[in-house]
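Taking it in order: structure first as structure tokens, then the write-up.
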Amino acid sequence: MSELTSLSIGDARDGLERRDFSAQDLTCAYLDAIEAGSHLNTFITNTPEKALADAQVSDKRIAAGEARPLEGIPLGVKDLFCTKGILTTAGSHILEGFEPVYESTVTSNLWADGAVCLGKLNLDEFAMGSSNETSYFGPVCNPWKVDGGSELVPGGSSGGSSAAVAAKLVAGATGTDTGGSIRQPAALTGTVGMKPTYGLCSRWGIVAFASSLDQAGPITKTVKDAALMLQSMAGFDPKDSTSINVPVADFAAGLGEGIKGLKIGIPAEYRVDGMPAEIERLWTEGKRWLEAAGATTVDISLPHTKYALPTYYIIAPAEASSNLARYDGVRYGLRVDGETIEEMYERTRAEGFGREVERRVLIGTYVLSAGYYDAYYLKAQKVRTLISNDFKSAFEQVDAILTPTTPSAAFPIGDKVSDPLEMYLNDIFTVPANLAGLPGISVPAGLDDQGLPLGLHVIAPALGEETLFRVAHVLEDCAGFTHAPKKWW
Amino acid sequence: MRASPMRPKNGGDVNAQAKSSKLISGATGEWEVVIGLEVHARIMSQSKLFSGASTAYGGDPNAHVSLVDAGMPGMLPVINEYCVEQAIRTGLGLNAKINTYSVFDRKNYFYPDLPQGYQISQYQYPIVGEGEIDVELEDGEVVTIGIERLHLEQDAGKSIHEERSKKSLVDLNRSGVALMEIVSKPDLRSAEEAGAYISKIRTIVQYLETCDGNMDEGSLKADVNVSVRKPGEPLGTRCEIKNVNSVRFIMQAIEYEANRQIDLLERGEEIEQQTRRFNSETGKTTKMRGKEDAHDYRYFPDPDLLPLEIEESRIEEIRQSLPELPDAKKRRFMTELGLSDYDAGVLTADKPSAEYFETVAQGRDPKLAANWIMGDLFGALNKADLEIEASPVKADQLGALLDLIGDQTISGKIAKQVFQIMFETGGDPVKIVEDQGLKQVTDTGAIEAEIDKIIAANPDQVAQVKEKPKAIGWFVGQVMQATGGKANPQAVNQILKEKLGLDG
Amino acid sequence: MSVDEHTVQYIAKLARIEKPVGDELKGLVDDLNNILAWVEQLEELSTENVEPMTSVVDASLRVRADIVTDGGYPEDIVENARDARDNFFVVPQVVE
């Protein structure tokens, strides 16, 4: 039943409604695909029994005419979302054996809307990485590969999510995006990855990395699917003080409306040195597509763009150093014994955190420490204001901004592990939207010379999701991206 | 987009020099002690500062703990509105500026009873700014003590150390309960001033019902900063004594610490900036850690919370709803009820006493009420080691007793007897007087009959009293004895004078 | 600004991560210095009179009512602990 796994969420929903197949058929098709795709290492925990039980319930509800918005749709969950009674690892050794007694708001929303849980997806440890290579549970393979070439990274940190969607092991997946962790892996796997406005999805029950930047969002096969999934994921949550109390719009409804009359900004600063010609070309193409669809493109300036990454690499580690202090071996997860409490802390945390996490915790601790706060952290917060102001001025002129998603296509596993800075540059185009709290989406738009997918990236003003989806939908239409990775696994 | 204002400059000022009576004499001359107090007051509220778990004291281990309080992954804080109001109320009670914009910061350190690995506190932008309170000393001197700030923060859990297993048991029931940290300016100049200051803070929060002030349960405790200097010289190096939990201990700790520092300096040694602890058994302070081990708390604004903004109108509403505070109450007791400065001071020193007094004095002679409360009641309570709230004699019962004196049902002397019975049995005075037949005899016929008998039986005494009218006391005694103390003393006196032919 | 081995060990202590030594320490010193040197490009920017941004949500803090809505499940609280007894968490003795 491999064709079932090719269906978009929208089409699967229609098929279920027409009784072309049952939710259990659909779930079984995905469970088979997951089993066959184990080489990709996309899952940390599989929950087939739960999936089948969920699907059974869905079939009953469909039969009773009580289908919910995502009834019977099998999804994967990034293993950063706490799931009740299901191992939750954050890709780290330090959460060893941790089974939360609670369920995150976002996943609760999905299950309440009828979605089926296939399991927990691999990720960079604590979502810190851009290639899924920092996971304690090993790297994830990108289903895309150059013929005869080595295995590639799926991007990160939501690499399990992006690879699983690209390899059709799940109909859609949740991700989280702190500096590009949804959009960059989506771009590297030919999938759609969407990060909403900060505050649209509740952070309650999501293992925190950098609280002022973290936002949950979907990774899907199509733009419409992303809109459908976000519809369920989003919503005001009184348990999250940074949750925005606005009604959730019907994101999918406006998709067909086109973009006639919209103004699209093309920021000069995103044309960076050493950007591959094929990305430049794709960007220009994207601009033409939007113009052809009736939008006007406008050259704009976001002057502080080059400072976004260094700003991010002060703020995110600083917040992370504090957010990760709770992993001390006392209440959950790994404990390495010691004679004294101090010894226990130090051994547990040395053993439990991987190298990249340790690096960021140390950097974060340093930039907040006495004597350095002003030079680093306070400075970064001020530059964050400048970056945010750049977008504010830009959005006085334009309705959305078009940029490439990444500076390159997927790269081989192991290529950039030894050079943190090189790795950090992957998020150069995605980080500014996090700093400013803006929604962004990556849409697969073409292939590079080696046949690997590339994404185009749209940024909209805060709470401009409807515009964002409309523009993304036009890009998707024009790009007509029907490529899929050849099954080699 | 939210941007916060620039960091302000901190800086407390040091008040004028202490009076010479507060100086400590050393071998090299006189020393001045400079003290600042950080008082931690647990806020009275139903639920915790950032979670919906109960604040009830005690409870089974980890029973009053939510997932937020336990620092579970992905848990987020949501602030308790009432705790914010309690802080504002307290700030107003301290005559302090309420900040309409304040920020919550994370104070990062590791400790097993601190589950998040940081305490949510306020650093640069506290909810309450500068204020001041008047503190009255034993000799009547009133000193004004500056308040630097008041901020909101979370309490920590509790570790119980188990010697046998070399383990510690962690209970998070207190974790996340709201605290107010009230920081004084370094305006205090003696242990007595410090004791009077914290007592005053305790009285104020009790009046406001923002903290129960119970120091035994740790609802109120203080970190004490002590330094010494020669009068007129710049501030010396200070030591901080952590977590002192009674007024007496605070005073003892200061005495000890000031003398320790003076001894060191007089021996030509330097004071090391230290964090110290007070041992209540030895009365001494000992070193916990030095400057080199001082914590680096890495404060930064908590990204899980937004800045707290308070409407001026809300502050005004709270101000309007404040109860009468101790200073105002004392003034009223003196000017309207005619109590002495001393009596008014004692009766307003804690809220339960003031309330007790006001109930008793309602519609009665305030001075008589004050005398009974400060004399018989406080004496009996002291002896029984009871707080006034636990008094077996309730205020309305004492009032009823005073009424019995007022309408001459019983004499003052009998009243004391009745009070004892009331205190022991908790009984109603009217009933006690009835049951035990203690009613005063005002029937002059009965009294006259007794007097006639006594006069007839004691001719010598009758002769004597004509020479020495003061000897009438002997006859009064006899009559009272004969009537079991129930005869109205005024009536006895009057009839005796008539019968003995003495001038009225 | 750059960090030396001593500083890295001090930060590790603050972060309660066992003191790195040897090659691991050297590697960390290099990594941290590279990252710090890179983020220091922010110094090129004048941020005079720029207010620091702490949150992207343009709102005041939302408050909740003072009612008890949570707690009462101590077994769940200690469920995931490696060492617990009578619903207490158990840790090596805390000595100050």
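Being a predicted model, the structure only gives us computed values, none of them experimental. Just the heavy atoms: all of them, side chains too, but no hydrogens, waters or symmetry mates, feed the values below. Residue numbers begin at 1 in each chain, while the letters A, B, ... track the order of the sequences.
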Side chain, backbone, both or neither of [X] within contact of chain B (heavy atoms, under 4.5 Å):
X: Tyr372(A); result: neither
X: Ala210(A); result: neither
X: Ser202(A); result: neither
X: Phe81(A); result: neither
X: Tyr366(A); result: neither
X: Leu95(A); result: side chain

Who among Leu368(A), Asn323(A), Leu324(A), Ile206(A) has the most heavy-atom pairs with chain B under 4.5 Å?
->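 Result: the option with the highest number of such pairs is Leu368(A).
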Pick from Gly117(B), Gly71(B), Gly52(B): which one has the most heavy-atom pairs with chain A under 4.5 Å?
->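 Most pairs with chain A among the choices: Gly71(B).
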What is the minimum heavy-atom distance between [X] and [Y], and which atoms define it?
X: Val78(B); Y: Pro238(A); value: CG2-O, 3.4 Å
X: Gln381(A); Y: Pro301(B); value: NE2-CG, 4.1 Å
X: Pro303(B); Y: Arg203(A); value: O-NH2, 4.1 Å

Let me confirm one number: the [atom1]-[atom2] distance from [X] to [Y], rounded to the nearest 0.5 Å.
X: Trp204(A); Y: Met75(B); atom1: CH2; atom2: CE; answer: 4.0 Å
X: Ser212(A); Y: Leu306(B); atom1: OG; atom2: CG; answer: 11.0 Å
X: Asp302(B); Y: Glu319(A); atom1: CG; atom2: CD; answer: 9.0 Å

Relative to chain A, which segment of Asp304(B) carries a heavy atom at a distance below 4.5 Å: side chain, backbone, both, or neither?
->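 Both backbone and side chain of Asp304(B) come within 4.5 Å of chain A.
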Verify side-chain hydrogen bond (donor to acceptor under 3.5 Å, both in side chains) between Arg106(B) and Ser322(A), making sure each step is shown before the conclusion.
-> CA-CA 8 Å; Arg106(B) 292 185 184 176; Ser322(A) 177; 2.9 Å; yes
Pro73(B) side chain near Tyr332(A) side chain, heavy-atom distance below 4.5 Å =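 The answer is yes; the side chains approach within 4.5 Å.
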Taking side chain as C-beta onward, heavy atoms only, is Leu76(B) less than 4.5 Å from Lys239(A)?
->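 When only atoms from C-beta onward are counted, Lys239(A) and Leu76(B) do not touch, as no gap falls below 4.5 Å.
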Step-by-step side chain to side chain contact (heavy atoms under 4.5 Å, CB included) determination, Val367(A) to Arg298(B) | CA-CA 9 Å; Val367(A) 299; Arg298(B) 290 158 283 134; over 6 Å; no
Would you please indicate if the ring centroids of Phe300(B) and Tyr373(A) are separated by under 6.0 Å?
->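 So the answer is no for these two rings.
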Result of checking Tyr109(B), Phe110(B), Tyr111(B) against Tyr345(A) for ring pair (Phe, Tyr, Trp, His ring centres under 6.0 Å) =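 Of all the options given, the one that passes is Phe110(B).
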